[in-house]
Amino acid sequence: MLKATSVKAALASSAPQDEILVNGWVRTRRDAKTFSFIELNDGSCLKNLQVIADAGLPNYAEIQHLTTGASVSITGSLVPSQGQGQKWELKAGELRVLGGADASYPLQKKGHTAEFLREISHLRPRSNLFGSVFRVRSRLAFAIHEFFQNRGFVYVHTPIITGSDCEGAGEMFRVTTLDLLNVPRTPEGAVDAAQDFFKRNTYLTVSGQLEAEAFACAFSKVYTFGPTFRAENSNTSRHANEFWMIEPEMAFTDLAGNMDVAEEFVKHLITDVRQHCAEDLELFSKFVDKSLLERLDFVVQRPFQRISYTEAVELLRTSGKTFEFPVEYGINLQSEHERFLTEQLFKCPVTVFNYPKEIKPFYMRLNDDDRTVTAMDVLVPGIGEIVGGSQREERLDVLLASMERHHLDPKDYGWYLDLRRYGTVPHAGFGLGFERMLMFVTGVGNIRDVIPFARTPGNAAF
RNA sequence: UGCCCGGUAGCUCAGUGGCAGAGCAGGUGACUGUUAAUCACUUGGUCGCUGGUUCGAUCCCAGCCCGGGCAGCCA
């Protein structure tokens, strides 16, 4: 049997070909006098392959009833197109209909909203927009590995089921095999976790950072890239309950080095997608965000703006702008504050660092001023926080004091404290939200539209 | 979770206290190397659900369900 040629390969052909096999789905069909035009797409690229099905084909009556969505297998010759708009077309010698699609097929040639397509998540990858989104998603994932592998980072798989319920990054989903209709109790009436599968409480991970630190203290440079789960009841365009996160962790690295890597990383991802997904990005810049390409190029060309939290607060206070939430030292920056900095004041990505210790987690390294910790957030226009990270506290006594301030029990963090007891080193890392990065490079405004089958509060269909 | 907006044909949307509408998609035919083809005709409805007001409700009112936007939580 003839080996199949993808639509992408057929369109890129440098010469006519006598006999090729192409499989795919019908995007649309038009009748000419003695033949039928079929637009064939197989997901290999945005473009369709134009197929000429001659009236002389034995099953021409069947072909004339092909509608959008049907699957076909075609053998024929690749010949120069007689019409405008495409270089090659496939002259069908045999056209087999694999699966029809009747009038109830929900996808049409045009006119669908993202909201409607979300309700048919199983079919929307067959649309132009979502085809492009998920091709870029695939490439972006590859570019992430490439960036770190080229720089000597070791890829580490941190656990998805975790026993730590105090990582502090958000509400957690419980993992249990207990019978919910007959939960075992302790004499005090609490749920008896000792009878659960792992003989303790377990949850889905909200971050692989703590485990990544352990590996960084062995391999020097590591990164994680995997799913993350947060049980927050968030209803916004940039939050999902299941998302992917990249978390590099680097030994012998301080806050400045951390910010350098984060900036280089973000730029590399944009450059890579710009290079390898040009056609898909064209679609986004045409139909999703007209200023997309300009913005991406701008971000790659310019250094990110770096300001301390203290400077950020001053800039906001003296900006002359009235905010719904007044700015003062010690508050968490609100969305409106971040947007102002990155969209109006600097008009580029902004890295804010050295936050007050009171509003940041226990593991961040205390600065010499005793007021701030080495936190850093990278904010980008349109999305807000895309990276959050810090230099980690490597001094055992300072870490213990921090845990006491945060009302954490050192007994729950024995192995984490061991990393400071045995050969401790300065180290730093950050988390980058994969989907938020994907939103940034595609211009797509809702996180639900860059995840194949999104999980959000009240929605786990598919 | 709070505030705001919406739900009418497969899709995108008009509309009115008194017979339910258009474009696209589907069907039939015409025309045609077309490419969001074009032209004519045509099929297609629990007007989100429940209750209330009314002679009469898709329209007005209440509750509920679903979707979206913004905010918080954060990546």
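Reminder, nothing fancy here: chain letters follow the sequence lines and each chain counts from 1.
Applying the salt bridge (Lys or Arg N to Asp or Glu O under 4.0 Å) definition to pairs two or more places apart or across chains, those involving residues 39-68 of chain A are A:Arg30-A:Glu39, A:Lys47-A:Glu279.
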Item to complete: Would you sketch RNA chain B in dot-bracket for me? Only Watson-Crick or G-U wobble pairs with both distances under 3.5 Å count, crossing pairs as [ ], other-strand pairs as |, the rest as dots.
Response: (((((((..((((....[..)))).(((((.......))))).....(((((..]....))))))))))))....
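One interatomic measurement links the two molecules: CZ of A:Arg448 to C1' of B:rC66, which rounds to 13 Å at whole-angstrom precision. Rounded to an integer number of Å, the gap from A:Phe287 CZ to B:rU12 C1' is 16 Å.
At distances below 3.5 Å, at least one donor-acceptor pair connects side-chain atoms of A:Arg151 with backbone N or O atoms of A:Phe147.
At least one side-chain nitrogen or oxygen of A:Arg238 sits closer than 4.0 Å to the OP1 or OP2 atom of B:rA71. Between A:Gln108 and B:rG10 there is no side-chain N or O to OP1 or OP2 distance below 4.0 Å. Here A:Ser237 reaches the OP1 or OP2 of B:rC70: one of its side-chain N or O atoms lies under 4.0 Å away. Taking only side-chain nitrogens and oxygens, A:Asn233 never comes nearer than 4.0 Å to OP1 or OP2 of B:rG2. Proximity of A:Thr113 to the phosphate of B:rU12: a side-chain N or O atom is located under 4.0 Å from OP1 or OP2.
The listed nucleotides are B:rC74, B:rG67, B:rU12; the one nearest the side chain of A:Glu119 is B:rG67.
Residue order along RNA chain B, read from the 5' end via each residue's closest nucleotide, puts A:Ser335 first among A:Gly388 and A:Ser335. RNA chain B is contacted by both A:Met245 and A:Thr236; A:Thr236 maps to the nucleotide lying nearer its 5′ end (nearest heavy atom per residue).
Donor-acceptor pairing under 3.5 Å is lacking for the side chains of A:Thr253 and A:Asn258. Between the side chains of A:Thr351 and A:Gln305, no donor-acceptor pair is found at a separation under 3.5 Å.
Classified by interplanar angle (parallel below 30°, tilted 30° to 60°, perpendicular above 60°), the ring pair A:Tyr223/A:Phe153 is perpendicular.
Figure legend: A:Arg295 and A:Phe440 shown as a cation-pi pair, the cationic atom lying under 6.0 angstrom from the six-membered ring centre and within 45 degrees of its axis.
The C1' atoms of B:rG2 and B:rA57 are separated by 32 Å, rounded to the nearest whole Å. With both ends at atom C1', the span from B:rU58 to B:rU50 equals 15 Å, rounded to whole Å. The P atoms of B:rG56 and B:rA25 are separated by 42 Å, rounded to the nearest whole Å.
Both thresholds, 5.5 Å between centres and 30° between ring planes, are not jointly met by A:Tyr105 relative to the base of B:rG10, so the two rings are not stacked.
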Worksheet item: Going 5' to 3' along nucleotides 27-34 of chain B, which nucleotides have protein heavy atoms under 4.0 Å from the base (write B), which only from the sugar-phosphate (write S), and which from neither (write -)?
Response: -S---BBB
